[in-house]
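For ligands, and for the atoms within them, numbers begin at 1 and follow the listed sequence. The structure presented is a predicted model; accordingly, all values stated were derived computationally and were not measured.
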Amino acid sequence: MTEKKDIKAYNYIELEQEMKAMGEKAFRAKQIYQWLHIERVERFDEMTNLSKALREKLSENYKINTLEKVDVLISKIDGTRKYLFRIEGGSVIESVFMKYHHGNSVCISTQSGCRMGCRFCASTLNGLERNLTASDMLEQIYEIEKDTGEKVSNIVLMGSGEPLDNFDNVVKFLELISDKNGKNLSQRNITLSTCGLVPKIKELADMGLQITLAISLHASNDETRKQLMPIAKKYSIAEVLDACRYYFDKTGRRITFEYSLVSGVNDTVEEAQRLADLVKGINCHINLIPVNPIKERDFVQSENKAVQAFKSRVEKNKINATIRREMGRDINGACGQLRNEVMKKGEEVRNV
Ligand code: SAH
């Protein structure tokens with residue numbers, strides 16, 4: 001038996017082609033697209049304006065991908081919700097729903113696990129499990145909207161995974177989520193965070209999307225960056241910054257630099273000055289993140305005093321900087337930790 005095709009991962013034009021190939025009228029695509037991306041039905045049977053014969057034909061050839069909600073943790077402090085979803089194949093991913101005064105934001109995963117190996121990050125501890133499909137990414141948003149009854153207005157691709165290491169699926173997701181026939185979310189409300197895969201940043205720039213690019217810089221010199229992030233051995237900071245300039249030239253979008261502060265590693269005022277010198281001339285914003293320690297490593301969060309001093313020095317250079325507000329402190333482990341715990345338990349259960 002050939003594997004059923006993932007109908008939620010087709011854009012409008014592709015779906016039209018699928019229908020034509022089945023000998024159906026092109027306008028069926030419009031109806032099906034609406035059922036999938038507006039009504040968000042989970043079974044072909046629910047597509048009541050299609051004939052029974054067509055519904056049967058569809059379910060023989062296609063599947064409607066859904067995620068299984070495994071758990072939700074709700075913060076008593078600020079209502080942040082951490083979701084654990086099981087994806088096809090059995091592994092578990094995390095997504096986070098956050099309420100801000102400017103709207104609701106969701107942080108989605110783009111891969112189950114990750115192979116980038118950043119030293120401070122929990123998502124990469126067990127390597128890459130699998131790439132998420134475009135519909136796995138869409139579903140994180142759709143499921144959360146269904147569960148909360150609220151609209152999501154901002155999306156950040158900052159959960160587990162390296163989005164640019166899953167380029168085609170991520171681009172397809174961006175296209176689908178911003179499609180006027182679907183959720184129609186403005187690309188300007190989407191931020192993609194990358195550890196800095198230089199050729200892929202350029203490729204993304206050439207696509208002319210309007211999303212915000214966030215770069216995980218985390219150091220002001222290559223030596224320190226190499227200690228924190230293996231990808232720094234492949235691309236120098238200079239090359240990453242060149243790619244950022246290219247991205248800005250092509251899209252006109254201001255770049256965000258993320259900088260996780262680790263005590264005694266990258267958090268001195270001298271480093272803040274070097275960082276300011278590096279990014280000078282780039283239209284950018286710096287997001288400082290006090291590192292969230294994971295038990296597998298001995299990184300220590302910078303003291304509040306050091307964080308403030310770092311920020312002041314950056315700002316003294318007329319560069320915009322903010323400290324990332326910690327959401328859902330009571331339900332937070334570092335990103336990916338919860339997933340790891342559940343996966344480990346799952347293994348124990350399976351081994352019995
Ligand atoms: N792979 C992408 C997106 C994933 S994580 C990237 O590297 O950008 C989103 C951000 O959280 C990144 O800047 C990442 O470096 C940072 N991050 C991961 N684990 C962290 C931790 N324990 N403490 C602080 N920041 C962390």
Side-chain angles (χ1 to χ4, degrees), residues 82 93-96 98 105-129 131-132 137 140 155-167 169-170 173 190-198 200-201 204 211-219 224-232 234-235 237 240 243-244 247 255-263 265-267 275 284-302 307 310 321-329 332-340:
K82 203 164 225 186
I93 56 166
E94 275 182 36
S95 324
V96 185
M98 292 159 284
S105 186
V106 168
C107 172
I108 65 162
S109 294
T110 56
Q111 295 178 314
S112 173
C114 183
R115 59 186 185 130
M116 294 297 125
C118 297
R119 299 286 299 161
F120 44 80
C121 181
S123 303
T124 197
L125 287 169
N126 299 311
L128 176 66
E129 194 108 15
N131 279 330
L132 298 194
M137 292 178 240
Q140 295 173 59
I155 298 174
V156 296
L157 280 65
M158 292 189 185
S160 70
E162 167 47 50
L164 298 186
D165 188 39
N166 183 17
F167 193 85
N169 287 326
V170 164
F173 161 74
I190 303 175
T191 299
L192 181 152
S193 176
T194 175
C195 64
L197 304 182
V198 168
K200 293 291 176 191
I201 295 173
L204 190 68
I211 60 167
T212 299
L213 181 68
I215 302 285
S216 300
L217 203 55
H218 303 329
T224 307
R225 196 162 190 266
K226 281 179 201 164
Q227 282 171 28
L228 295 171
M229 308 170 72
I231 194 69
K234 196 153 178 198
Y235 306 110
I237 291 178
V240 173
C244 290
Y247 190 86
I255 308 287
T256 296
F257 291 108
E258 296 160 281
Y259 195 105
S260 294
L261 289 157
V262 189
S263 183
V265 174
N266 64 359
D267 67 341
L275 172 64
C284 72
H285 167 96
I286 293 181
N287 198 205
L288 300 171
I289 317 166
V291 81
N292 202 342
I294 57 174
K295 62 176 186 301
E296 291 82 357
R297 308 264 187 261
D298 49 12
F299 291 124
V300 177
Q301 197 172 78
S302 299
V307 176
F310 197 98
T322 47
I323 300 168
R324 183 175 295 174
R325 192 149 63 96
E326 202 183 350
M327 300 290 282
R329 195 171 327 137
N332 231 2
C335 319
Q337 271 183 356
L338 202 57
R339 165 184 183 271
N340 291 347

**Q** With a cutoff of 4.0 Å, is C114 in contact with ligand 1, counting heavy atoms of the residue only?
**A**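 No.
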**Q** Any idea which atoms of ligand 1 are less than 4.0 Å away from a heavy-atom of C195?
**A** 6 (C), 7 (O), 8 (O)
**Q** Considering only heavy atoms, does S193 approach ligand 1 within less than 4.0 Å through its side chain, its backbone, both, or neither?
**A** both
**Q** Which ligand 1 atoms does V291 reach within 4.0 Å, using its non-hydrogen atoms?
**A**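 Ligand 1 atoms under the 4.0 Å threshold to V291: 23 (N), 24 (C).
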**Q** Could you see which bit of I215 sits under 4.0 Å from ligand 1, with heavy atoms only: side chain, backbone, both or neither?
**A**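 No part of I215 comes within reach of ligand 1.
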**Q** Nearest heavy-atom pair of D267 and S263: which atoms, and what distance?
**A** OD2-CA, 3.4 Å
**Q** Just to be sure I'm reading this right: ignoring hydrogens, which of R119, M158, Q111 gets closest to atom 9 (C) of ligand 1? Compare them by their nearest heavy atoms.
**A**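 The nearest heavy atom belongs to M158.
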**Q** Which atoms of ligand 1 are found less than 4.0 Å from any heavy atom of G161?
**A**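 The atoms of ligand 1 under 4.0 Å from a heavy atom of G161 are 1 (N), 2 (C), 3 (C), 4 (C).
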**Q** What atoms in ligand 1 come closer than 4.0 Å to a heavy atom of G159?
**A**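 Under 4.0 Å from G159, ligand 1 has these atoms: 4 (C).
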**Q** Other residues, nucleotides and ligands only: do more than 12 of their heavy atoms fall within 6.0 Å of CZ on R115?
**A** no
**Q** Could you tell me which non-hydrogen atom of P290 sits nearest to which non-hydrogen atom of I323, and how far apart they are?
**A**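 P290 and I323 have their closest heavy atoms at CD-CG2, 4.2 Å.
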**Q** Which residues satisfy the side-chain contact (heavy atoms from CB on, under 4.5 Å) test with Q227, sequence neighbours excluded?
**A**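 Checked Q227 against side-chain contact (heavy atoms from CB on, under 4.5 Å); zero matches.
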**Q** Pair F173, L157 - check side-chain contact (heavy atoms from CB on, under 4.5 Å), show working.
**A** CA-CA 11 Å; F173 161 74; L157 280 65; 4.1 Å; yes
**Q** Describe, in one word, how the ring planes of Y259 and F310 are oriented to each other, choosing from parallel (under 30°), tilted (30 to 60°) and perpendicular (over 60°).
**A**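 Y259 vs F310 ring planes: tilted.
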**Q** Can an N or O of P293 be found at a distance shorter than 3.5 Å from an N or O of ligand 1?
**A** no
**Q** Just let me know how E258 lines up against ligand 1, side chain, backbone, both or neither, with a heavy-atom cut-off below 4.0 Å.
**A**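 The part of E258 near ligand 1 is the side chain, not the backbone.
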**Q** Run the numbers on R225 and N266 for side-chain contact (heavy atoms from CB on, under 4.5 Å), then give the verdict.
**A** CA-CA 9 Å; R225 196 162 190 266; N266 64 359; over 6 Å; no
**Q** For ligand 1, is G196 a contact, meaning one of its heavy atoms is under 4.0 Å away?
**A**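 G196 does not count as a contact of ligand 1 under the 4.0 Å cut-off.
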**Q** Could an N or O of ligand 1 be found under 3.5 Å from any N or O of L157, whether backbone or side chain?
**A**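 In fact, backbone or side chain, L157 has no N or O that close.
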**Q** Say whether H218 and ligand 1 are in contact under the criterion: heavy-atom distance to a ligand atom below 4.0 Å.
**A** yes
**Q** Show your working on side-chain hydrogen bond (donor to acceptor under 3.5 Å, both in side chains) between T194 and E162 and close with a plain yes or no.
**A** CA-CA 6 Å; T194 175; E162 167 47 50; 2.8 Å; yes
**Q** Under the criterion side-chain contact (heavy atoms from CB on, under 4.5 Å), I'd like the reasoning laid out for F299 against I294: C-alpha separation, chi angles, the key distance, then a yes or no.
**A** CA-CA 8 Å; F299 291 124; I294 57 174; 6.0 Å; no
**Q** N/O to N/O below 3.5 Å, does that happen between R324 and ligand 1?
**A** no
